[in-house]
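When a ligand or atom number is given, it counts from 1 through the structure's own listing order. These figures come from a predicted structure and were not determined experimentally.
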Amino acid sequence: HVNQKNLQQQKGGVAVSSIQPPAQAIWWNQPLDRVEGTWIGIALVWSLIMFFMMPFWHVYGKQNLSNEAYHTTPEAYTAKTQAMIDQYTVRTETDLQIPVVAPPPGSDVYLLGRLWQWFPILELQEGQTYRLHISSTDWQHGFSLQPVNINTQILPGYEMVLTITPDTVGAQTIICNEYCGIGHHTMTGKIYVTEGRP
Ligand code: CUA
């Protein structure tokens, strides 16, 4: 209390600290400290710079995706995914018999997220363009493709469409980067990229 009194006398006002309750109940009528005002100003200017950098990064940095989004339902999306699986499955993997699906280049390919897997495994050709549809049938998930670091939020009822042209042969790993429950850490998937056939 002695310190607080000294401070009050020095500044000619009422001291406010973060560890003691405010001396005055109506603390928000007190004038803003110059240091605090400066920090609010810096934060505002920086947030505006970052805001206007977003279109720049989109065009020149190739960081932000040009995705499309459509309304769907879990039932309708599951049906479209199953139709692709029925037509283009080339083999199954693991004890769970997860279908590996190789749709023709240029086609629409479907991936669904659910508790707790990405389904099915897609096999795409290098240098070919696909429209990759992604949706969830139950919950919010985070599609994160590694190591290329493509990220997008996946929600039930919304169908995200990314136009992609794989340029790296090999297995790409999909992880879920939005916490979705007790099996979140096991929610992985795969996209294979094979060498394009001439
Ligand atoms: Cu799905 Cu975390």
**Report entry** Contacts of atom 2 (Cu) of ligand 1 with protein N/O/S atoms, counting only those under 2.8 Å
**Finding:**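 Under 2.8 Å from atom 2 (Cu) of ligand 1 - ignoring waters, which are not counted - the protein N, O or S atoms are C176 SG, E178 O, C180 SG, H184 ND1.
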**Report entry** Set of salt bridge (charged side-chain N to carboxylate O under 4.0 Å, His left out) partners for E68, sequence neighbours left out
**Finding:** R131
For [X], I'd like to know if atom [atom1] has over 12 heavy atoms of other residues, nucleotides or ligands within 6.0 Å.
X	atom1	answer
W116	CH2	yes
I49	CD1	yes
N29	CG	yes

Requested in this report: Check whether any side-chain heavy atom of P103 sits under 4.5 Å from a side-chain heavy atom of Y110, and report yes or no.
Outcome: no
Query raised in the report: Is there side-chain contact between W118 and C176, with at least one heavy-atom pair below 4.5 Å?
Result: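 Side-chain contact under 4.5 Å: yes.
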